[in-house]
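For reference, the structure is listed below as structure tokens.
Quick caveat, the model's predicted, so the values are computed rather than measured.
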Amino acid sequence: MIEKIQATKQRVLLKTKHFSQRVNYAHLFIYAALILISYQFMYPLLRMITTSLMSPDDIINPTVNWIPKTTSLGNLIIALRVLDLSTTLVNSIWYSGVLAFCQTLVSSITGYAFARYNFKFKNFWFLMVIITFILPTPILLIPRTMMAVWVRETIGLQMIGTPFPQIFMALTGQGIFSAILILIFYNFFRLIPRALDESAAVDGANPVQIFYHIILKLSLSTILVVFLLSFVWNWNETYITNTFVRGQIALLPHRLAVFDSIFDQFIEAGEEQERINEAYKMSATFISILPLFIMYLVVQRQLIRGIESAGITGE
């Protein structure tokens, strides 16, 4: 009997050992795949940083590929001057923040209406929301521009060259990728039990109170994700912004787009770096994405806390 028990233990130990080895091999494969995938995302960023620190001699030196022989911060200083960071950074933050706030507010209300209420032609309007995402931007931009011109000619309110057209679009659910934001809220709100709404209604809460005190407070993580996505999309968007703003508001992405054309205006006489090169462009690009990177590091902690405090999300 003792010999049988010992033999059984040995077989169990062998099976456990083989299983742990298979698990280790699977982990190694997963880690290797993740490293390869992450390299595809990290390569442009690492290349941008190393190039922005190169001196003009390193740029034209074919033997210098990744590590510069002479580290130079002059590229970043000149890029800061050309980008006029003190002005463009502030303008980009408040402009993208206002549009992101409007989109988040309207998207949450629209998603709540589709998730909780049944009304006439609901499926038709839901289809219209999806179509706004499918249609190309230039097709929608032409009538929007005509509407802005019509407002100016009819009531004398100047729209072109101001942030009002994009704010109006955000408030009417026509902002950048608003359809995706509405679908995010719609799918999340459907996971919240309707019993909570019914209990609040029995206690005398009206629809506005239910939406604010129950739905929104259970959706902090979703609100944060939507606001972050909207902020980044509006920050990086230049086509629609250039069409309506027309350069009247100095924004960081727009300044980066015209970096080559305005470079010579900010180079003082007698400076050694007289010609634009790849290091200046990489420095300007790195500076333009650095605020988003810092914001992500800050928001990441709040996002985790929001997910932990999201509460009940299913029956």
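The distance from atom OG1 of Thr222 to atom CG of Leu216, rounded to the nearest 0.5 Å, is 10.5 Å. The structure places CG of Asp197 at 5.0 Å from OH of Tyr112, a figure rounded to the nearest 0.5 Å. With rounding to the nearest 0.5 Å, the separation of CZ in Arg194 from CG in Leu196 is 11.5 Å. With rounding to the nearest 0.5 angstrom, the OG1 atom of Thr162 is 11.0 Å from the CZ atom of Arg246. Expressed to the nearest 0.5 Å, how far CE of Met159 lies from CD of Gln166 amounts to 10.5 Å. Taken to the nearest 0.5 Å, the CG atom of Leu76 stands 11.0 Å off from the CG atom of Leu85.
Closest non-hydrogen pair, Leu256 versus Ser288, comes out as CD2-OG, 3.4 Å. For the residue pair Ile160 and Thr243, the shortest heavy atom distance occurs at CG2-O, 4.4 Å.
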ask   = For Ser96 and Leu251, what are the C-alpha separation, side-chain angles and deciding distance, and is it a side chain to side chain contact (heavy atoms under 4.5 Å, CB included)?
value = CA-CA 10 Å; Ser96 301; Leu251 300 174; over 6 Å; no
request  = For the pair Gln174 and Thr132, evaluate side chain to side chain contact (heavy atoms under 4.5 Å, CB included) and give the outcome as yes or no after the intermediate values.
outcome  = CA-CA 8 Å; Gln174 296 297 308; Thr132 58; 3.8 Å; yes
task = Would you sort out whether Lys281 and Thr51 count as a side chain to side chain contact (heavy atoms under 4.5 Å, CB included), showing the intermediate values?
result = CA-CA 9 Å; Lys281 296 179 182 179; Thr51 305; over 6 Å; no
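A donor-acceptor distance shorter than 3.5 angstrom exists from the side chain of Glu237 to the backbone of Thr241, with no hydrogens or angles considered. Although no hydrogens or angles enter the test, the distance criterion places a donor-acceptor pair under 3.5 Å between the side chain of Arg116 and the main chain of Phe189. A distance-only check finds a donor-acceptor pair linking the side chain of Ser52 to the backbone of Ile49 [under 3.5 Å]. The closest donor-acceptor contact from the side chain of Gln158 to the backbone of Gly161 lies at 3.5 Å or more, if one exists at all.
You'll find the side chain of Phe231 stays beyond 4.5 Å of the side chain of Val299, heavy atoms only.
Trp94 and Asn91 are linked by a side-chain donor-acceptor pair at a separation below 3.5 angstrom, with hydrogens and angles left out of the test. Between the side chains of Asn234 and Ser230, at least one donor-acceptor pair of N or O atoms lies under 3.5 Å. Side-chain atoms of Ser107 and Gln103 include no donor-acceptor pair closer than 3.5 Å.
The hydrophobic clustering, which links ILVMFWY residues whose side-chain heavy atoms are closer than 4.5 Å, places Leu140 and Ile134 together. Hydrophobic clustering (ILVMFWY, side-chain heavy atoms < 4.5 Å, transitive): Phe185 and Phe119 are in one cluster. Under the 4.5 Å side-chain heavy-atom criterion for ILVMFWY residues, no single connected hydrophobic cluster contains both Ile176 and Val106. Hydrophobic clustering (ILVMFWY, side-chain heavy atoms < 4.5 Å, transitive): Tyr117 and Leu105 are in one cluster.
Residue Ser108 is tested with Phe227, Phe211, Phe188 for a side-chain contact (heavy atoms from CB on, under 4.5 Å); the sole match is Phe211.
Taking the six-membered ring for Trp and thresholds of 30 and 60 degrees, Phe126 and Phe114 have ring planes more than 60 degrees apart, a perpendicular arrangement.
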